[in-house]
Amino acid sequence: MSKHLEVFNKLLFIDCPWHDKNPSESKFQQQLHKLPRVTVENQPLLELKFLKPLSERRKYYSAIIMNEAVSYLNAFHKTMKADATGDEKKYQV
């Protein structure tokens, strides 16, 4: 499994957010402020827009998912630029 896809796997199957019965909103607010912000290295052609998360818990998990998606796409783009031939690019995709 790809290093970048481990975070999605962890969220879905290991550290399921819905298993935590009584999380405090302040806990998620603190964790949200500690998260580093990942920026897009290249201008995307398309942008996905989701509904605005209402609780701190949803904001936190939304930020984790967006950060990991952006870092995965940044790594993928960097790999595509590094590959010299079309066959190498097809292999990566």
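Everything numeric in this text was worked out from a predicted model, so none of it was measured. Reckoned from all heavy atoms, side chains included, excluding hydrogens, waters and symmetry mates.
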**OP:** Could you tell me which residues satisfy side chain to side chain contact (heavy atoms under 4.5 Å, CB included) with Val38, sequence neighbours excluded, listed by chain and number?
**Re:** Asn67, Val70, Ser71, Asn74

Original post:
Could you give the distance from CD (Glu25) to CZ (Arg58), rounded to the nearest 0.5 Å?
Top reply: 10.0 Å

Original post:
Hey, any chance Ile65 and Val40 share a hydrophobic cluster, counting ILVMFWY side chains that come within less than 4.5 Å of each other, even indirectly?
Top reply: no

Subject >> Distance, nearest 0.5 Å, that separates CG of Leu35 from CE of Met66 >> reply: 13.0 Å

Original post:
CD of Gln31 to OH of Tyr61: how many Å apart, nearest 0.5 Å?
Top reply: 7.5 Å

Subject >> Approximate separation, where rounding is to 0.5 Å, of Leu51 CG and Ser62 OG >> reply: 10.5 Å

**OP:** Output yes when a side-chain donor or acceptor of Gln29 lies under 3.5 Å from a complementary backbone atom of Glu56, and no otherwise.
**Re:** no

Original post:
Excluding sequence neighbours, so at least two apart, what forms side chain to side chain contact (heavy atoms under 4.5 Å, CB included) with Leu73?
Top reply: none

